[in-house]
Peer 1: 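Pasting in a structure now, in structure tokens, and then I'll have a few things to ask.
Scope of the values below: all heavy atoms of this structure, side chains included, with no hydrogens, waters or symmetry mates.
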2 protein chains.
Amino acid sequence: MAKHVEPLPVAVLSRSERKQHTRERLREAALDLLSRGQSFPGLSLREVTREAGVVPTAFYRHFRDLDELGLSLVEEAGLVLRRLLREARQAGLPTEDIIRSSVRIYSAYVRAHPRQFRLAASERAGGSPLLRQAIRSEVAHFVREMAQDLRLLGFRADLPTADLELICSLVVNTMLGAAGEILDLPEGQGQAARELEERFVGQLRLIFLGAERWRATSASGP
Amino acid sequence: MAKHVEPLPVAVLSRSERKQHTRERLREAALDLLSRGQSFPGLSLREVTREAGVVPTAFYRHFRDLDELGLSLVEEAGLVLRRLLREARQAGLPTEDIIRSSVRIYSAYVRAHPRQFRLAASERAGGSPLLRQAIRSEVAHFVREMAQDLRLLGFRADLPTADLELICSLVVNTMLGAAGEILDLPEGQGQAARELEERFVGQLRLIFLGAERWRATSASGP
DNA sequence: GTTTTAAGTAAACATTTGTTCACTCAAAGC
DNA sequence: GCTTTGAGTGAACAAATGTTTACTTAAAAC
């Protein structure tokens with residue numbers, strides 16, 4: 001008749017700390033379910049609370065409904081994305097083959113944050129209209145930052161910002177598409193992973209090849 | 001006390017015709033729900049049968065479960081996609097600005113088959129693993145056909161097929177992404193639609209600019 | 001030390017879900 | 001014409017869903 005295993009030394013936590021902790025558990029639970037093949041509109045509130053080890057009604061102490069939880073997850077995914085950019089910025093430009101090494105780094109980063117990338121990649125087009133819109137807005141934000149970075153790097157300094165953003169938007173679309181496929185690889189498929197990476201490298205190369213020859217659109221003049 | 005409105009002159013149909021007809025109603029119902037904001041994993045069997053005007057149990061006379069229905073929808077979407085290619089082939093090359101006019105045609109085609117394109121665009125990354133895989137396979141098929149078409153048109157005749165497919169895969173990714181956004185436009189937003197189209201045209205231009213300069217990968221030699 | 005507050009619990013609810021079973025009844029097969 | 005077949009019905013089920021309502025109980029406020 002073991003009643004209840006005390007999950008953690010709980011007494012040391014303040015009330016608000018405890019609250020934030022279960023809130024986190026709920027978010028984690030949803031993320032786990034999502035990366036276990038579920039998709040967001042297929043989630044149920046009770047499922048999430050069950051996974052979090054919490055009674056269903058406790059959910060309402062933290063979120064109005066599942067959509068609100070989802071939005072907070074999207075926000076976090078946006079942070080993860082932008083952190084990627086920041087790290088890439090600090091790493092500076094590698095010497096040799098910049099695209100290939102970027103893809104390697106990106107690939108590792110995706111695998112290090114599978115749940116956020118799966119969320120971003122798979123609910124970007126599917127899912128509830130609310131989440132979709134939120135993700136689009138995060139992606140747009142990311143694209144703007146990336147374009148700004150290209151500008152700081154002096155890449156195609158002659159182009160107007162809108163053109164740089166057009167290029168970056170293409171890159172990001174390709175990146176997120178690749179993320180979805182990377183995460184679908186049945187782990188340990190080294191060969192398939194390498195082919196995928198090869199294609200990804202090729203596509204980015206193609207894009208930048210186009211970007212180098214790109215001539216400014218007429219949008220900059222009256 | 002109106003019992004039941006006789007929906008159609010039913011007596012003239014043979015048994016198998018009637019069966020195929022309700023099967024079609026079920027598929028139509030699912031497509032309608034999907035393009036009304038629902039996503040596939042959020043669909044319920046009863047919901048579909050309700051929309052189709054049929055009792056829930058009738059569903060099992062046509063499909064084992066929702067996944068089977070979904071697969072048949074994906075198959076149809078694949079047909080629609082490939083029909084697009086065939087029509088483009090017959091239309092031949094327009095004289096002036098080939099990319100812009102292609103985008104116009106594509107855009108109209110997407111709006112003419114919104115449900116199939118929404119399915120393809122939104123369940124390609126999200127949704128159930130089964131549907132996702134099926135859609136990926138349809139898309140791959142489409143990419144191969146498109147590459148073959150480029151070959152027949154004499155575009156970059158020097159490149160190996162794998163490279164043409166790499167290019168086409170990039171194009172198709174961009175196309176499907178654009179389809180998702182086109183369908184999300186709150187109808188009547190002419191300005192937004194034009195901006196979207198402009199970006200779409202730009203990205204394709206960029207891709208083909210890169211494709212023209214592309215140099216064959218080393219994969220062709222031993 | 002007493003009172004207040006609020007995170008989490010427990011029970012109960014009205015719906016909705018997927019699936020079963022036995023049934024009708026009209027077309028198809030003979 | 002009689003029999004067989006099978007698409008669609010209707011009732012019933014166990015299970016799961018979202019949400020409300022009243023409750024415990026320990027930290028926070030005084």
Peer 1: Could you pull out all residues at least two apart from B/Glu195 that satisfy side-chain contact (heavy atoms from CB on, under 4.5 Å)?
Peer 2: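 Result, side-chain contact (heavy atoms from CB on, under 4.5 Å) vs B/Glu195: B/Gln191.
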Peer 1: Could you tell me if the side chain of A/Glu145 sits less than 4.5 Å from the side chain of A/Asp149, heavy atoms only?
Peer 2: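 The answer is no, as the side chains (C-beta and beyond) never meet within the 4.5 Å cut-off.
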Peer 1: Between atom NZ in A/Lys19 and atom P in D/dA28, what is the gap in whole Å?
Peer 2: 14 Å
Peer 1: Provide, to the nearest angstrom, the distance between the CD atom belonging to A/Glu17 and the P atom belonging to C/dA7.
Peer 2: 14 Å
Peer 1: According to salt bridge (charged side-chain N to carboxylate O under 4.0 Å, His left out), who are the partners of A/Arg100, at least two apart in sequence or on a separate chain?
Peer 2: A/Asp97, A/Glu198
Peer 1: Can you give each donor-acceptor pair under 3.5 Å made by side-chain atoms of residues 73-82 of chain A, sequence neighbours left out, with the distance rounded to 0.1 Å?
Peer 2:
from    : atom 1 : to       : atom 2 : distance (Å)
A/Glu76 : OE1    : A/Arg27  : NH2    : 2.6
A/Glu76 : OE2    : A/Gln116 : NE2    : 2.9
A/Arg82 : NH2    : A/Glu138 : OE1    : 2.7

Peer 1: For every nucleotide of nucleotides 17-25 of chain D, 5' to 3': is a protein heavy atom under 4.0 Å from its base (B), only from its sugar-phosphate (S), or from neither (-)?
Peer 2: BBBBB----
Peer 1: Between the axis at one end of the helix from C/dG1-D/dC30 to C/dC30-D/dG1 and the axis at the other (five pairs apiece), what's the angle to 10 degrees?
Peer 2: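 That helix gives 20° between its end axes.
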Peer 1: Measure CD/A/Gln20 against C1'/C/dA7 and give the value in whole Å, please.
Peer 2: 14 Å
Peer 1: For nucleotides 2-4 of chain C, which of its nitrogen or oxygen atoms have a protein nitrogen or oxygen under 3.5 Å away, and what is each distance?
Peer 2:
none

Peer 1: If a pair satisfies side-chain hydrogen bond (donor to acceptor under 3.5 Å, both in side chains) and one of its residues is in residues 166-182 of chain A, list it, with sequence neighbours excluded.
Peer 2: A/Arg124-A/Asn173, A/Ser169-B/Gln203, A/Glu181-A/Arg199
Peer 1: Which residues satisfy the salt bridge (charged side-chain N to carboxylate O under 4.0 Å, His left out) test with B/Asp32, sequence neighbours excluded?
Peer 2: B/Arg115
Peer 1: Scan residues 35-48 of chain B for pairs that pass salt bridge (Lys or Arg N to Asp or Glu O under 4.0 Å), counting only residues two or more places apart or in two chains.
Peer 2: B/Arg36-B/Glu51
Peer 1: Nearest whole Å is fine: how far is D/dA27 C1' from A/His21 NE2?
Peer 2: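 It works out to 17 Å between those atoms.
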Peer 1: Applying salt bridge (charged side-chain N to carboxylate O under 4.0 Å, His left out), can you list everything that pairs with A/Glu68, at least two apart in sequence or on another chain?
Peer 2: A/Arg64
Peer 1: Looking at residues at least two apart in the chain, or sitting in another chain, which of them share a salt bridge (charged side-chain N to carboxylate O under 4.0 Å, His left out) with A/Arg15?
Peer 2: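 Scan of A/Arg15 (salt bridge (charged side-chain N to carboxylate O under 4.0 Å, His left out), adjacent residues dropped) gives none.
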Peer 1: Atom OH of B/Tyr106 and atom CG of B/Leu204: how far apart are they, to the nearest 0.5 Å?
Peer 2: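 Separation between the atoms: 9.5 Å.
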Peer 1: Does any pair with a residue in residues 101-114 of chain B pass salt bridge (Lys or Arg N to Asp or Glu O under 4.0 Å), and if so which ones, sequence neighbours excluded?
Peer 2: B/Arg104-B/Glu197
Peer 1: Taking OP1 and OP2 of C/dG8, is either one under 4.0 Å from a side-chain nitrogen or oxygen of A/His62?
Peer 2: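 For C/dG8, OP1/OP2 do have a side-chain N/O of A/His62 under 4.0 Å.
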Peer 1: When the distance from CZ of B/Phe59 to P of C/dC21 is rounded to whole Å, what number comes out?
Peer 2: 19 Å
